[in-house]
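Worksheet: one structure, shown below.
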Amino acid sequence: MDGCGDDDGGAGAHLLTNPSNPSSSIASSDLSTSASVGAASISISSMNSQFEALASFDILRLIFEMLPVSDLARVTCVCRFWRYVASDGNIVANAFMAPWKLKALVGKPLHGSFWRDSSISKFAISHRIRRGDTVASLAIKYSVQVMDIKRLNNMMSDYGINSRERLLIPVSKPEILVDVTCFIELDTHAKREVAVLYLEGGPDTKLSHVFNRTSDRGRKRVIDSIKRSMQVDDGTALYYLSLSNGDPRAALAEFSADLSWERQVGIA
């Protein structure tokens with residue numbers, strides 16, 4: 001995860017605090033904390049290069065496991081080794097789950113930026129569309145606003161529900177996330193990755209709203225191939241791949257159509 005440069009301007013006064021021990025903290029100005037060894041209190045600081053704990057994966061891991069996602073992003077800026085430890089998949093995933101007391105998180109995001117924000121807006125409920133469903137009726141059922149559903153699902157009109165197999169519903173009550181399993185999915189309609197909660201059953205990979213996830217290596221090859229063909233960055237390649245339900249040829253066709261339109265209107 002890459003958190004360097006994402007500070008909100010108050011880094012100098014911010015403390016990275018261990019929730020279970022408020023007296024133990026890491027100041028983001030020098031990213032220092034203290035560890036108790038016997039009766040002695042030893043300062044762990046980015047300025048103290050002689051302290052061997054800075055080179056101990058196990059000790060740093062114990063410290064970093066206590067930090068929230070935002071603070072993990074900050075410690076990655078200290079040095080390469082701290083970045084390596086703080087970027088461990090299990091540490092990052094556990095920090096993402098901790099505020100909501102999730103039971104498990106299944107899947108890996110396509111981009112590390114997914115982990116930067118662990119707010120409730122990162123979660124959604126999957127609702128399989130049934131006959132008679134309307135956006136208004138779902139808003140009432142899940143106690144959310146109609147506009148929030150439409151915004152999350154990129155719907156311009158209420159009639160958009162008729163062409164979809166499911167809708168993502170914003171999570172309005174944090175307690176619904178306690179002790180449940182969520183699935184990281186790239187939804188082709190929402191055009192974003194979300195941690196999806198299934199209240200009934202689990203994900204159906206045959207449905208067209210879920211991007212077809214092959215192996216990590218295979219997915220990277222596809223994205224790299226599209227990047228070279230389009231001469232675009234990762235985000236643009238991923239966007240068109242999501243529009244085409246993971247079909248590289250369809251992604252290239254979508255991209256070509258957009259370029260043609262831009263030329264016609266004089267944008268490109």
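Here the structure is a predicted model, which means the values were calculated and not measured.
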When every non-hydrogen atom of T188 is compared with those of K191, the smallest separation belongs to O-CG, 3.6 Å
Hey, are the side chains of V69 and V92 touching, using non-hydrogen atoms and a 4.5 Å cut-off?
-> no
Side chains of L167 and I149: does their closest heavy-atom pair fall under 4.5 Å?
-> yes
Atom CG of L197 and atom CG of L177: how far apart are they, to the nearest 0.5 Å?
-> 6.5 Å
Could you tell me which non-hydrogen atom of P68 sits nearest to which non-hydrogen atom of A95, and how far apart they are?
-> C-CB, 4.3 Å
Exceeds 12 heavy-atom contacts within 6.0 angstrom, atom CD of Q231 = no
Provide the closest heavy-atom pair for T76 versus S87 in the form atom of the first, atom of the second, distance.
-> CG2-OG, 4.3 Å
In sequence, state the C-alpha distance, the side-chain angles, and the governing distance for T181 and L102, and then conclude on side chain to side chain contact (heavy atoms under 4.5 Å, CB included).
-> CA-CA 6 Å; T181 297; L102 292 178; over 6 Å; no
Do I176 and V180 share a hydrophobic cluster (ILVMFWY, side-chain heavy atoms under 4.5 Å, transitive)?
-> yes
Spacing of CG belonging to D187 relative to CG belonging to L168, to within rounding of 0.5 Å | 4.5 Å
Does the pair R74 and L67 meet the rule for a side chain to side chain contact (heavy atoms under 4.5 Å, CB included), with working shown?
-> CA-CA 10 Å; R74 289 186 174 93; L67 302 180; over 6 Å; no
When rounded to the nearest 0.5 angstrom, what is the spacing between CD1 in I169 and CG in L152?
-> 8.0 Å
Distance from S163 atom OG to H189 atom NE2, nearest 0.5 Å?
-> 6.0 Å
Hey, can you tell me if F123 and W100 have their rings parallel, tilted or perpendicular (30° and 60° cut-offs)?
-> perpendicular
Check: L138 and I161 side chains under 4.5 Å, non-hydrogen atoms = yes
State, yes or no, whether a side-chain contact exists between D158 and T134 at a heavy-atom distance under 4.5 Å.
-> no
Criterion salt bridge (charged side-chain N to carboxylate O under 4.0 Å, His left out) against E185, the qualifying member of R192, K122, K108, R166 | R166
Taking the side chain as every heavy atom from C-beta outward, state whether Y142 and S172 have any pair of such atoms under 4.5 Å apart.
-> no
D58/R61 salt bridge by N-O under 4.0 Å criterion = no
Check whether any side-chain N or O of N154 sits under 3.5 Å from a backbone N or O of A190 as a donor-acceptor pair, and report yes or no.
-> yes
Begin from the C-alpha positions of V75 and I63 and carry the test side chain to side chain contact (heavy atoms under 4.5 Å, CB included) through to its verdict.
-> CA-CA 11 Å; V75 301; I63 296 172; over 6 Å; no
Can you name the nearest heavy-atom pair linking S126 to Y198, along with the distance?
-> OG-CE2, 3.4 Å
Residue pair I184 / G107: nearest heavy atoms and the distance that separates them = CD1-O, 3.4 Å
Say whether M147 and I125 are linked into one hydrophobic cluster, either directly or through other cluster members, by side-chain heavy-atom distances under 4.5 angstrom.
-> no
Do the side chains of I59 and F81 join up, straight or via other hydrophobic residues, at under 4.5 Å, putting them in one cluster?
-> yes
Should W115 and L72 be marked as a side chain to side chain contact (heavy atoms under 4.5 Å, CB included) after you check the CA-CA gap, both sets of side-chain angles, and the distance that decides it?
-> CA-CA 10 Å; W115 302 115; L72 277 177; over 6 Å; no
What is the distance from atom CZ of F57 to atom OH of Y84, rounded to the nearest 0.5 Å?
-> 5.5 Å
Measure from the side-chain N and O atoms of N153 to the backbone N and O of M155, and report whether any donor-acceptor pair falls under 3.5 Å.
-> no
Spacing of CE belonging to M97 relative to NZ belonging to K103, to within rounding of 0.5 Å | 12.0 Å
Taking all heavy atoms of R164 and all of I129, pick out the closest pair and write down the distance.
-> O-CG1, 3.7 Å
